[in-house]
Structure formats: structure tokens, C-alpha cells
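Right, one structure below, let's go through it.
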2 protein chains.
Amino acid sequence: MAPNIVEFPLSQKRSASAMVESPCDDCAIREASVCSVLKQDELIRLRGISTIGHLESGGTVFHEGDPAEHLSNVIEGSVKLYKLLPDGRRQVTGFLFPGDFLGVALNETYAYSAEAMSKLRICRFPRRRLEGLLNELPKLEHRLLEVAGNEIVAAQDQMLLLGRKTARERVASFLLILRRHAEQRRQQLNPVDLPMSRADIGDYLGLTTETVSRTFTQLRKDGIIGLPAQGKVDIRRRDALENIAEGA
Amino acid sequence: MAPNIVEFPLSQKRSASAMVESPCDDCAIREASVCSVLKQDELIRLRGISTIGHLESGGTVFHEGDPAEHLSNVIEGSVKLYKLLPDGRRQVTGFLFPGDFLGVALNETYAYSAEAMSKLRICRFPRRRLEGLLNELPKLEHRLLEVAGNEIVAAQDQMLLLGRKTARERVASFLLILRRHAEQRRQQLNPVDLPMSRADIGDYLGLTTETVSRTFTQLRKDGIIGLPAQGKVDIRRRDALENIAEGA
DNA sequence: GGCCGTCCTTGACGTAGATCAAGATGCTGC
DNA sequence: GCAGCATCTTGATCTACGTCAAGGACGGCC
């Protein structure tokens with residue numbers, strides 16, 4: 001059984017001055033995250049309110065409905081976000097990877113649950129203190145608005161997918177999203193990494209595990225993708241995927 | 001045939017000083033819109049870059065893919081936002097009403113089309129100039145981040161609806177959304193106004209016109225709603241709707 | 001290196017909602 | 001008041017995907 005309780009041993013003290021070395025200096029995702037817009041002195045201020053959190057795979061970062069106390073940057077590992085209906089039906093609303101920001105929608109409570117899909121390391125900011133800092137770091141606020149805008153655009157694409165695309169179109173779209181993300185992160189493109197289960201993919205695409213599986217094999221038989229190993233997809237004919245994804 | 005070309009006779013000159021009376025003073029939606037966070041002198045600066053646009057019902061404000069030149073506040077009338085697949089399948093991603101902000105997702109091109117559902121009046125801001133102003137009006141930027149956050153939360157609810165809810169649950173959720181909006185706008189609650197066609201509702205909920213219609217009649221026969229007239233829905237048993245919407 | 005649990009795949013069948021096809025209703029303009 | 005067109009409703013049928021049910025394959029652990 002996966003641990004359901006958040007455990008965050010702090011690897012860093014609250015007071016910035018108590019730290020010998022800045023954890024930001026060798027932060028692998030500094031340039032890929034919202035932090036990239038800050039200058040050294042601004043970064044120090046942000047660092048002043050940050051703590052590092054660790055979580056095992058399967059652990060829950062927070063639950064839908066919990067008071068929203070922290071926003072975070074994903075440093076290492078990946079996260080799935082989801083909403084549940086009372087009877088257990090689940091909709092995955094997104095997957096996060098290193099450099100992604102968790103919690104742009106600053107509300108009093110979390111609107112979704114967040115669960116680690118692998119060993120996870122995040123950089124956490126108390127919401128109220130970050131909100132205060134935003135007044136003094138307009139560049140950060142500007143960047144967050146940009147991030148929020150991107151998230152809205154992605155959400156609208158997802159609505160089109162969920163409301164109007166067929167299973168085959170959904171899976172094709174999903175593979176292309178993954179590929180695009182891998183590209184942005186300068187990860188290997190072929191085969192592309194697929195760190196989530198068929199069930200997670202299904203809950204993201206509004207399909208069942210079985211339909212996802214069937215659609216993968218169908219695409220494989222059509223020579224469009226290869227399935228070399230668990231958690232890997234080889235994109236053989238990207239053009240074909242693009243066509244399918246757009247319903248052409 | 002509805003006009004497909006945007007026509008924006010300016011009712012106001014570019015130069016703010018040229019205006020005798022401030023159009024903001026008697027703006028009906030000032031307190032309900034993003035402008036509410038601004039003080040008088042700040043409002044004057046924002047007004048300096050704004051123009052008023054008019055559009056007939058059915059007119060297109062902009063098309064998906066057009067260069068994003070303006071953001072707007074809806075002053076009067078209502079708007080539907082939608083995305084199309086090449087073969088004509090349509091997903092309505094949202095409906096806007098007076099006081100709503102059009103275009104938080106500040107990108108180079110519009111990610112969706114916007115069409116007037118009734119005679120429309122909007123207050124438009126050139127994107128680049130607004131972006132420039134944001135540096136000087138941090139309160140406005142803060143407010144936009146808030147608006148964007150709300151939009152993300154709503155989008156995630158919609159993903160749950162589109163990915164996992166049944167037709168009956170979708171329609172019930174939709175009616176409750178409408179009711180909530182009417183409440184916020186202090187409009188009449190019973191019967192609630194339904195300014196969009198069955199086809200628009202279907203494209204918003206990922207259903208066909210026929211299924212929407214059938215579901216409405218089913219809810220009526222169950223005594224949960226009444227359909228007193230075209231474009232009106234009487235919510236008879238709100239609790240029942242809430243239960244259905246949550247899948248209980 | 002073999003055992004066990006989880007995840008994935010495949011098959012047979014069922015069903016919610018789509019599609020196709022008429023009507024009914026209601027608004028618009030004369 | 002009525003012709004004409006939109007929109008909405010209702011019915012009959014079809015189908016993509018879900019559900020239920022077995023296997024099969026991987027990978028983690030001793």
C-alpha cells in the first residue's frame with residue numbers, strides 16, 4: 001500500500017541565513033521553472049520562504065478539498081492531478097514533470113488531488129507568504145500569469161478532446177502531447193517515456209483501461225507506433241498521428 | 001446569415017483627453033469586472049487604451065488562430081467560445097456574460113473563436129498596450145491572475161464533466177452552473193435564463209442536440225425542472241439536481 | 001531464478017448516447 | 001393571421017465504447 005500521508009522532512013531550515021549553500025545554485029530545474037525570471041537577489045527572497053519536500057511513489061501531495069497551504073515547483077519526479085466523483089469515477093486533469101508549477105489556481109482549498117507517480121522532490125512555498133512576495137516580485141507574478149494562460153489553453157484543448165474526439169483521436173493526441181513535452185524538456189524522443197499506467201491514461205482521456213490498451217495495439221498493428229517495452233512508446237509515423245489527432 | 005466579420009465602430013477616440021465624459025463613470029459592469037480593483041486615477045490610465053466595440057447577434061468577435069490583438073470586458077450581451085475540428089465537430093469551451101473578461105490566456109493567437117449570442121457591447125484593450133500597462137498597474141495584474149485561477153478551476157470541473165459524467169449528470173451540472181452565475185449577477189433565479197440553443201448546450205456538454213433535449217424532458221417529467229418557455233428553465237428541486245450532478 | 005502481485009492485453013457481450021428521420025412548436029415578418 | 005424557417009422534440013435504429021471475464025507478461029523480492 002502506498003503511503004497516503006504527506007511526509008515532508010525539511011532538508012533546509014526556514015531562515016535563509018542559516019543555510020551555508022544556496023539550494024538554488026545547483027537546482028536542476030531553476031532555468032526551466034518560474035524561477036528563471038528572477039535575478040539573484042530576487043531569487044534569494046523567494047528561497048527565503050521555500051522548503052524542500054520529498055515523497056515516495058504513490059504518496060499523496062494533497063487531497064482535493066484540503067486547505068491550500070502550499071504551491072510548489074516540481075524538482076524531480078512526476079505528479080498526476082485528479083478529481084473524483086463520490087462513486088469513485090476519476091478524471092485525471094494533468095500530469096506534472098520537473099520544472100512544472102503546481103497550484104497556479106490560488107484558491108482557499110485545492111480543487112484536485114495530487115499524487116506522486118514516482119519518487120518526488122518538490123520546492124514548496126507557503127501560499128500566503130508567496131502571495132505577499134508577489135507584490136514585491138512583479139516579474140514572478142507576470143510569469144505566473146503566463147503559466148496560468150498556458151494552462152488555460154491546454155485545458156481548452158483537453159475539453160475539445162474529451163467532448164468531441166474518438167478514442168483513437170484521443171490516444172493519438174495524447175502521444176503527441178507527450179512528445180511535445182519531451183521535446184521541450186530535451187529528453188529522448190524515440191521511444192518517448194510513458195511514466196503513467198494505462199489506467200491513468202484512461203482517466204486522463206475519459207476512456208477505460210481496456211479501450212486505451214486496445215487502441216495502442218491497433219496503432220501498433222497499423223505501423224504508426226511501436227511498443228518496445230513497458231512505459232515506452234516509439235512514434236514511427238508522427239504525421240499519421242497528427243492526422244488522426246486532428247480528426248482528418 | 002449572421003455577419004462573420006467583426007465590425008467595431010468606435011464610440012470613443014483613442015486619446016482619453018479628447019473625451020468630455022468618462023465612459024467608465026456610468027459603466028454598468030465596472031464593479032463586476034476586473035476594473036473594480038482600480039482606483040480612479042488608475043482607471044483613467046486603463047480607459048486611455050480602451051475602445052468600445054459593438055456587434056450584432058451571431059457576429060464573430062474573433063476566430064481561432066487570428067493574431068490576438070485585443071482583450072475585452074463584456075459590457076452587455078453574451079458570448080460563446082468554441083474550438084472546431086477540421087470536419088466541423090465543435091466544442092464550446094465557455095459562455096461569457098456582462099462583467100466577464102475575454103482573453104486571460106494572453107497568447108500570440110487566439111486559441112478559440114468567440115461569437116456574440118446576442119447584441120454585444122464590449123470594452124476592448126489592445127493586448128500589447130495592456131501588457132505594458134500591467135507593469136504599472138500591479139493590482140490589475142493580480143486581479144487577472146485571480147481571474148485566470150478561477151478559469152482553471154472551472155476548466156477542471158468541465159474536464160470531469162466531459163470525461164466522466166453521464167448525460168443526465170452533465171445537464172444537471174450545467175443547470176447548476178447557470179443558476180450559480182445568475183446568483184452572482186443578482187439576476188432572477190427562477191426561472192433561470194438560458195440564452196443559448198440546445199445545439200450550443202450540446203457542444204458545451206459533449207452531447208448532441210437530441211440527447212440534451214431528451215434529458216431536459218426527462219428531468220421535466222421527473223418534476224425536477226420546469227420548461228415554462230423557450231430560453232427559460234425553472235429549477236423546481238435544486239437538491240435533486242445537486243445530487244444528480246455529483247453522481248449520487 | 002522462481003514466485004507473486006500488478007499491470008496489460010484480449011475476447012464476448014451490453015448499453016448509453018449517436019445517428020437518421022419525421023413531426024411539432026414557436027418566432028418573424030408581412 | 002398566416003407563410004416560412006429555426007429550433008426543439010420524439011421515435012427507431014446503430015455503434016463506439018464500456019463492462020465483465022480470463023489469460024499473459026512483466027518486474028520486484030527473497
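Just so we're clear, the structure is a prediction, and the values are computed from it rather than from any experiment. Labels below follow one simple rule: chain letters A, B, ... track the order of the sequence lines, proteins then strands, and each chain is numbered from 1.
A/Lys165 is not listed as a side-chain neighbour of B/Gln91, based on a closest heavy-atom distance of 4.5 Å or more. Residues B/Leu81 and B/Val92 fail the side-chain proximity criterion, which asks for heavy atoms closer than 4.5 Å. Within the 4.5 Å cutoff, side-chain heavy atoms of B/His70 are placed close to those of B/Tyr110.
Along DNA chain C, the stretch of nucleotides lying under 4.0 Å from any heavy atom of chain A spans, 5' to 3', C/dC8 to C/dA12.
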- Message: Between B/Asn150 and A/Asn107, is the side-chain contact (heavy atoms from CB on, under 4.5 Å) condition met? List the steps.
- Response: CA-CA 8 Å; B/Asn150 292 339; A/Asn107 268 324; 4.1 Å; yes
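Taking five base pairs at each end of the helix from C/dG1-D/dC30 to C/dA24-D/dT7 and finding the rotation axis that steps the C1' atoms of four pairs onto the next four gives two axes whose angle is 50°, to the nearest 10°.
In this structure, the separation between CG on B/Leu205 and CZ on B/Arg198 is 11.5 Å, given to the nearest 0.5 Å. The NZ atom of B/Lys119 lies 13.0 Å from the OG atom of B/Ser78; values are rounded to the nearest 0.5 Å.
Ion pair B/Arg179/B/Glu242 not flagged as a salt bridge, since none of the NZ, NE, NH1 or NH2 atoms sits closer than 4.0 Å to an Asp/Glu carboxylate oxygen. B/Asp222 and B/Arg220 are not joined by a salt bridge, as no carboxylate oxygen comes within less than 4.0 angstrom of a charged side-chain nitrogen.
By the 30° and 60° cut-offs, the orientation of the rings of B/His181 relative to B/Phe97 is perpendicular.
Where B/Ala199 and A/Thr166 meet DNA chain D, the nucleotide closest to each residue was compared, and B/Ala199 sits on the side nearer the 5' end.
Glycosidic conformation at D/dA22 (O4'-C1'-N9-C4 for purines, O4'-C1'-N1-C2 for pyrimidines): anti, more than 90° from 0.
Taking atom CZ of A/Arg198 as the reference point, atom P of D/dG18 lies 15 Å away to the nearest angstrom.
Residue pairs meeting the side chain to side chain donor-acceptor pair (under 3.5 Å) criterion with at least one partner in residues 151-161 of chain B, sequence neighbours excluded, are A/Lys83-B/Asp157.
Only A/Gln230, listed by number, bring a heavy atom of residues 222-233 of chain A to less than 4.0 angstrom from any atom of DNA chain C. Contacts of residues 205-220 of chain A with DNA chain C (heavy atom under 4.0 Å): A/Glu210, A/Ser213, A/Arg214, A/Thr217.
A side chain to side chain donor-acceptor pair (under 3.5 Å) with B/Asp193 is found for exactly one of B/Arg185, B/Gln187, B/Lys232, namely B/Lys232.
In this structure, A/Phe95 has its ring center under 6.0 Å from that of A/Tyr204.
Taking B/Lys80 as the reference, B/Glu115, B/Asp200 meet the salt bridge (Lys or Arg N to Asp or Glu O under 4.0 Å) condition, with sequence neighbours excluded.
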